[in-house]
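First the structure, in the form of structure tokens, and then the observations on it.
Sequence positions, counted from 1, serve as the residue numbers for this chain. Computation of the quantities below employed the complete heavy-atom set of this structure, encompassing side-chain atoms and omitting hydrogens, waters and symmetry-equivalent molecules.
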Amino acid sequence: LARRMEKLIHDEIDESNGSQELRSAVFEAVLLGTGIIKGPFTFNKTLHKWNKQEDSDERNYEPETVRVPRIEFVSAWDFYPDPDAVRIEDAEYVIQRHVYTRSQVRDLMNRPYFRKEAIRESLDMGPSYEARGYESSLQDRESTDEFDKNRYEILEFWGTMDTQLAMEAGLELDEDMDVLDEVQINCWVCNGQIIRLVLNPFTPTRLPYLVCPYEINPYQFFGVGIPENMDDAQTIMNGHARMAIDNLALAGNLVFDIDETMLVPGQDMK
């Protein structure tokens, strides 16, 4: 039974492109010091099927929808945890930044619990994304002007919210709850519009992010990667390489030997 369950888990990871998501997280863990995986969540997956008609040779497209688990890679550049936390278990909230095209924002209407009217209003307001200064280097571009024109920035919040504020935002809660209580929620915001607001679906409630540091820094949330570890050794190697090149340049130049006895008294060496 355990082997069958293990095979099922591996199949689900493969079907959801989980190996690529895990590889991306390991890459950032090595490069930046921290790899982040989000999930697992359940998604509606479309199975493409064509059924043959009984009275002809034609086939009709009749897709099926199944619920499948999925994990997602989250880049450290788009991950903003509670600044007072040193571990994900200590974080009171987490904010994830999404950069979507207009089509991707429109596709959110087909996902559960997203507010269609709020998404339409966000789309009518136009693109809201402003590229950060470091992104031109990350994207290997000279400028970010072209990147700004048709992108929407969506902030996904996981954390606590006051009960009264949650009710005012349209979240349905039990009437006997105290207005001073807190609830764990998931909120998506685009162009100042709340496009999704639901209670945290996990029981017990938790932040759905798995954070894996390459080397733990006990006083900071993000870990230490290989480039930071090898920085001092690399600086020493670079210094020796420069010294060897400078010495070679000096040794390869012309060398003059001056007989000082042949100079007139008071004559300059030049």
Q) Does one hydrophobic cluster hold both F79 and L207, with members joined at side-chain heavy-atom distances below 4.5 Å? A) yes

Q: Say whether, by atom type as modelled, one donor and one acceptor occur between the side chain of N200 and the main chain of F202 under 3.5 angstrom.
A: yes

Q) After noting the C-alpha distance and the side-chain angles of T163 and E182, does the key distance pass the side-chain contact (heavy atoms from CB on, under 4.5 Å) rule? A) CA-CA 5 Å; T163 303; E182 290 182 337; 5.7 Å; no

**Q.** Enclosure of F27 CZ (heavy-atom neighbours >12, cutoff 6.0 Å)
**A.** no

Q. Is the closest side-chain heavy-atom distance between R67 and N44 below 4.5 Å?
A. yes

Q. Just wondering, more than 12 heavy atoms not from M5 lying within 6.0 Å of its CE?
A. no

(Q) In this structure, would L165 and L197 fall into the same cluster of hydrophobic residues linked by side-chain contacts under 4.5 Å? (A) yes

Q: If you link ILVMFWY side chains whenever their heavy atoms are less than 4.5 Å apart, which other residues fall into the same cluster as Y100? By chain and number, please.
A: V105, L108, M109, F114, I119, L123, Y152, I154, W188, I195

Q. Can M167 be reached from F157 by stepping across I, L, V, M, F, W or Y side chains whose heavy atoms are under 4.5 Å apart?
A. yes

Q | Steps toward salt bridge (charged side-chain N to carboxylate O under 4.0 Å, His left out) verdict (D11, K7) | A | CA-CA 6 Å; D11 288 345; K7 185 177 185 304; 3.2 Å; yes

Q) Can you tell me if CD on E62 sees more than 12 non-hydrogen neighbours from other groups inside 6.0 Å? A) yes

Q: Begin from the C-alpha positions of V94 and I88 and carry the test side-chain contact (heavy atoms from CB on, under 4.5 Å) through to its verdict.
A: CA-CA 9 Å; V94 164; I88 190 64; 3.9 Å; yes

(Q) Counting only heavy atoms from other residues, nucleotides and ligands, does the tally under 6.0 Å from CZ of F41 exceed 12? (A) yes

Q.
Quick one, N186 and E156 - any side-chain contact, counting heavy atoms below 4.5 Å?
A. yes

Q.
Taking CD in E260 as the centre, count heavy atoms belonging to other residues, nucleotides or ligands within less than 6.0 Å. Is the count above 12?
A. no

**Q.** From CG (D124) to CD (E121), nearest 0.5 Å
**A.** 7.5 Å

(Q) Just verifying a value: how many Å separate K45 NZ and E15 CD, rounded to the nearest 0.5 Å? (A) 4.0 Å

**Q.** Spacing of CZ belonging to R97 relative to OG belonging to S75, to within rounding of 0.5 Å
**A.** 8.5 Å

Q: Please determine if E117 and R120 form a salt bridge, counting it only when a charged side-chain N lies under 4.0 Å from a carboxylate O.
A: yes

Side chains of residues 208-228: which donor-acceptor pairs under 3.5 Å do they make with residues two or more places apart or in other chains?
unit_1: Y209; atom_1: OH; unit_2: Q96; atom_2: OE1; d: 2.8
unit_1: E215; atom_1: OE1; unit_2: N229; atom_2: ND2; d: 3.1
unit_1: N217; atom_1: OD1; unit_2: Y219; atom_2: N; d: 3.2

Q. If you draw a 6.0 Å radius around CD in E172, do more than 12 non-hydrogen atoms from other residues or ligands fall strictly inside?
A. no

Q: Kindly compute the distance separating OH (Y93) from CD (Q184), expressed to the nearest 0.5 Å.
A: 13.5 Å

Q. Is there a side-chain contact (heavy atoms from CB on, under 4.5 Å) between R70 and T42 once you walk through the steps?
A. CA-CA 6 Å; R70 182 183 299 176; T42 55; over 6 Å; no

(Q) With a 4.5 Å cut-off on side-chain heavy atoms, are L199 and T205 touching? (A) no

Q | Test side-chain contact (heavy atoms from CB on, under 4.5 Å) applied to T160 and E92, step by step | A | CA-CA 7 Å; T160 59; E92 185 176 358; 3.5 Å; yes

Q: Tell me whether L155 is reachable from I194 by hopping between hydrophobic residues (I, L, V, M, F, W, Y) whose side-chain heavy atoms are closer than 4.5 Å.
A: yes

Q: Side-chain contact test, heavy atoms from C-beta onward, threshold under 4.5 Å: evaluate it for F73 versus R23 and give yes or no.
A: no

Q) Are R111 and R196 side-chain neighbours, meaning at least one heavy-atom pair lies under 4.5 Å? A) no

Q. Who pairs with E21 by salt bridge (charged side-chain N to carboxylate O under 4.0 Å, His left out), at least two apart in sequence or on another chain?
A. none

Q: Look at the side-chain heavy atoms of Ile, Leu, Val, Met, Phe, Trp and Tyr, link any pair under 4.5 Å apart, and say whether L31 and L22 land in one connected group.
A: no

Q) Between N150 and R102, is any side-chain donor less than 3.5 angstrom from a side-chain acceptor? A) no

Q) When rounded to the nearest 0.5 angstrom, what distance separates CG in D231 from CD1 in I236? A) 10.0 Å

